[in-house]
Amino acid sequence: SAPVLVHNQKYQEIVEAVDARIEDTAGRSAAAARARDRAVALMQSELFLDAIRELHKAKVGWWSGDSLRGSILTILLLSDLYEKIGFLSAAKSYALLGAFIAADSGDESLQDLFARGVCFAARAAFLAGSWATCAGIAEVGLILHSNFISALNPDDEQFQELLLELSWIFLAGRDFDPDLAEIVERILRDSGMWEEVKPFLDREDARSPVEWLASIRPSVTGRFFGDYCEEYRVQFEALGVRFNISAQNEPEESRAVER
């Protein structure tokens with residue numbers, strides 16, 4: 001299996017030869033499906049970098065009208081993997097890419113992926129500490145989720161994550177930026193979710209801002225309110241090295257840093 005053989009010196013050579021043969025006989029989509037299956041097996045073994053390599057192959061192989069859904073799902077899976085390894089800018093970029101392709105396709109059957117991509121992007125922004133950005137993306141995600149996936153259901157796992165992220169941003173805004181708290185409260189009220197999160201918010205009232213911020217610090221890798229600062233910064237680790245890239249917090253410069 002892929003997790004067992006992936007570090008064999010001849011693994012890539014064998015895989016490429018087999019995939020080329022499958023593509024010749026069954027088409028690019030079939031070869032892409034095999035790459036996706038290998039990626040899933042590698043993910044389950046927490047070999048995330050190897051899984052990313054396989055998913056990039058699958059993404060290219062599925063890039064056609066008949067299999068566009070497979071390509072978008074692969075892009076969103078890449079977003080999830082980049083989040084797992086802490087590359088949050090890449091996670092957000094791939095999530096938004098998947099959302100854009102689905103929206104631009106004109107295919108109604110792909111619009112659930114439009115919504116899912118936006119929700120993925122909101123989560124990546126939250127984990128990066130870009131909480132104003134997260135709130136803006138999440139508002140769009142809530143609308144799309146209710147229109148294209150299902151009625152807003154607090155029991156849905158992905159939706160629960162989005163509500164929790166908005167709740168934390170509301171608490172942060174309430175204590176440090178009332179204008180942001182007002183925006184988040186409006187988003188939650190407009191979506192009919194304010195009463196769902198109110199018990200959680202009431203419980204957190206018993207804790208000081210220092211206490212509840214400390215509770216989410218392990219999951220948020222960037223600076224809290226990072227998109228409010230004069231300096232925009234992206235932080236990530238690779239091969240044992242920690243990278244810090246910064247620029248003025250202006251639209252063109254921050255996008256360049258993320259790229």
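Here the structure is a predicted model, which is why all the values come from computation and not from measurement.
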Asp80/Arg123 ion pair, N-O < 4.0 Å
no

Is a donor on one side and an acceptor on the other found under 3.5 Å between the side chain of Trp131 and the backbone of Phe126?
yes

Above 12 or not: heavy atoms from other molecules or residues under 6.0 Å from CD of Glu46?
no

Hydrophobic cluster membership, with links at side-chain heavy-atom distances under 4.5 Å among I/L/V/M/F/W/Y: are Ile85 and Val40 in one?
no

Nearest 0.5 angstrom please: Arg53 CZ to Leu42 CG, how far?
9.0 Å

Tyr94 side, atom OH; Tyr82 side, atom OH - distance, nearest 0.5 Å
4.5 Å

Under the salt bridge (charged side-chain N to carboxylate O under 4.0 Å, His left out) rule, collect the residues that match up with Arg186, sequence neighbours excluded.
Glu139, Asp190

Could you check Lys92 against Ser130 for side-chain contact (heavy atoms from CB on, under 4.5 Å), going step by step and ending with a plain yes or no?
CA-CA 11 Å; Lys92 187 176 78 170; Ser130 299; 5.8 Å; no

Has Phe48 got more than 12 heavy atoms of other residues, nucleotides or ligands less than 6.0 Å from its CZ?
yes

Value for OG (Ser109) from CG (Leu68), rounded to nearest 0.5 Å, stands at 9.0 Å

Does anything in residues 127-138 form a salt bridge (Lys or Arg N to Asp or Glu O under 4.0 Å)? List the pairs, not counting sequence neighbours.
none

Sequence neighbours excluded, the answer for side-chain hydrogen bond (donor to acceptor under 3.5 Å, both in side chains) partners of Asp202 is Lys198

Partners passing side chain to side chain contact (heavy atoms under 4.5 Å, CB included) against Ala99 (at least two apart in sequence or in another chain)
Phe114, Val118

For a side-chain contact (heavy atoms from CB on, under 4.5 Å) check, start with the C-alpha distance between Trp194 and Phe170, then their side-chain angles and the critical distance, and finish with the verdict.
CA-CA 11 Å; Trp194 178 251; Phe170 171 80; 3.8 Å; yes

With sequence neighbours left out, the residues meeting side-chain hydrogen bond (donor to acceptor under 3.5 Å, both in side chains) with Ser167 are none

Pairs meeting criterion salt bridge (Lys or Arg N to Asp or Glu O under 4.0 Å) with involvement of residues 167-183, two or more places apart
Arg174-Asp205

Give a yes/no verdict on a cation-pi contact between Arg217 and Phe224, requiring under 6.0 Å between NZ or CZ and the six-membered ring centre and an angle within 45° of the axis.
yes

